[in-house]
Amino acid sequence: QLQLVESGGGLVQPGGSLRLSCAGSGFSFGSYAIGWFRQAPGKEREGVSCISAGGANTRYADSAKDRFTISRDHAKNTVYLQMNSLKPEDTAIYYCAADPRFRLCAYMIDGDGRDYAYWGQGTQVTVSS
């Protein structure tokens with residue numbers, strides 16, 4: 001069984017930065033690609049970024065390119081999402097997810113991930129002045 005716990009959210013001004021963490025427990029964390037998703041009030045959940053099991057393969061949604069960076073630390077069983085130049089439209093609950101179908105990112109963040117096996121509880125990110 002894989003468990004995921006997000007942290008690092010908070011309130012930040014436009015243009016600011018946050019680093020989200022997704023800590024995994026369970027023997028298979030290193031075998032999964034990890035995806036970050038977000039859901040804003042009144043909107044559907046959307047994929048933001050993904051990193052492969054090995055860490056060499058990454059993907060970003062257009063909204064995240066050039067501003068967000070995903071990375072993973074295998075020794076700490078943690079995936080990070082560094083978010084810079086934050087905008088009010090980045091306000092959302094951010095979730096990390098995993099599914100046995102994905103060791104590489106492939107199409108993992110192309111949809112809302114509704115049928116993925118493992119999800120964290122989410123962390124709130126609010127970008128406001």
Side-chain angles (χ1 to χ4, degrees):
Q1 184 74 7
L2 180 64
Q3 293 183 325
L4 302 174
V5 179
E6 303 95 335
S7 61
L11 174 63
V12 63
Q13 293 186 340
S17 298
L18 282 174
R19 187 177 78 159
L20 306 184
S21 298
C22 172
S25 60
F27 66 92
S28 55
F29 180 79
S31 300
Y32 295 102
I34 300 295
W36 282 100
F37 293 78
R38 67 185 183 186
Q39 188 164 23
K43 294 188 177 181
E44 293 186 355
R45 188 166 56 200
E46 61 179 1
V48 176
S49 184
C50 175
I51 189 164
S52 62
N57 168 234
T58 59
R59 284 194 64 204
Y60 298 91
D62 288 343
S63 60
K65 286 179 182 175
D66 301 323
R67 297 189 301 128
F68 295 1
T69 303
I70 193 169
S71 61
R72 71 189 299 162
D73 185 331
H74 288 281
K76 296 182 178 180
N77 271 4
T78 302
V79 169
Y80 303 100
L81 186 67
Q82 177 68 43
M83 305 188 297
N84 299 327
S85 303
L86 283 162
K87 306 174 182 179
E89 50 263 44
D90 294 317
T91 295
I93 300 174
Y94 284 70
Y95 302 89
C96 60
D99 189 271
R101 289 170 286 181
F102 298 102
R103 286 185 56 85
L104 298 177
C105 288
Y107 55 89
M108 187 179 188
I109 60 168
D110 289 351
D112 62 11
R114 64 183 65 189
D115 62 344
Y116 292 170
Y118 306 110
W119 287 90
Q121 83 290 347
T123 186
Q124 175 71 49
V125 171
T126 302
V127 184
S128 175
S129 55

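Everything quoted here is computed from the prediction, not taken from an experiment.
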Could you state whether Y32 and V48 fall into the same hydrophobic cluster, counting links through intermediate Ile, Leu, Val, Met, Phe, Trp or Tyr residues with side-chain heavy atoms under 4.5 angstrom apart? yes
Under the salt bridge (Lys or Arg N to Asp or Glu O under 4.0 Å) definition, can you give me all pairs with a residue in residues 67-88, not counting sequence neighbours? R67-D90
Please name the pair of heavy atoms, one in S128 and one in P14, separated by the smallest distance, quoted to 0.1 Å. C-CD, 3.6 Å
Nearest heavy-atom pair of S21 and T78: which atoms, and what distance? CB-CG2, 4.1 Å
Could you state the interatomic distance from CG (D110) to SG (C105), rounded to the nearest 0.5 Å? 10.0 Å
Atom OH in Y118, atom SG in C96: separation rounded to 0.5 Å? 13.5 Å
Are L20 and V79 connected in the hydrophobic side-chain network, where two residues link if heavy atoms are under 4.5 Å apart? yes
Which atom names give the shortest non-hydrogen contact between N84 and S17, and what distance separates them? OD1-OG, 2.9 Å
Does M108 offer a backbone N or O that forms a donor-acceptor pair with the side chain of Y116 under 3.5 Å? yes
OG on S7 to OH on Y80, rounded to 0.5 Å: 9.0 Å
Within 6.0 angstrom of D66 CG, more than 12 heavy atoms from elsewhere: no
Heavy atoms of L4 and C22 approach each other most closely as CD2-SG, 4.0 Å
N/O donor-acceptor pair under 3.5 Å between E6 side chain and T123 backbone: no
Point-to-point distance, once rounded to the nearest 0.5 Å, from OG of S31 to CZ of R103: 5.5 Å
According to the side chain to side chain donor-acceptor pair (under 3.5 Å) rule, which pairs have a member within residues 43-58, sequence neighbours left out? R38-E46
Would you say H74 and F29 make side-chain contact, with heavy atoms under 4.5 Å? no
Should I34 and I70 be regarded as members of a common hydrophobic cluster, given that ILVMFWY residues are connected when their side-chain heavy atoms come within less than 4.5 Å of each other, either directly or indirectly? yes
Common cluster, I51/Y95, ILVMFWY with side-chain heavy-atom separation under 4.5 Å: no
Under 4.5 Å between side-chain heavy atoms, hopping through other hydrophobics if needed: is there a path connecting F37 to I93? yes
Under the 3.5 angstrom rule, does the side chain of D99 hit a backbone N or O of A117 as a donor-acceptor pair? yes
For E89, does the CD atom have more than 12 heavy-atom neighbours from other residues, nucleotides or ligands under 6.0 Å away? yes
Return the CZ to CH2 distance between F68 and W36, rounded to the nearest 0.5 Å. 11.0 Å
V12 vs T126 side-chain heavy atoms within contact, under 4.5 Å: no
Output the distance between atom OG1 (T69) and atom CG (L81), rounded to the nearest 0.5 Å. 8.0 Å
Got a donor-acceptor contact below 3.5 angstrom from the T91 side chain to the V127 backbone? yes
Which atom of A92 lies closest to which atom of A40, heavy atoms considered: CB-N, 3.8 Å
Taking the side chain from R59 and the backbone from A106, do they hold a donor-acceptor pair closer than 3.5 Å? yes
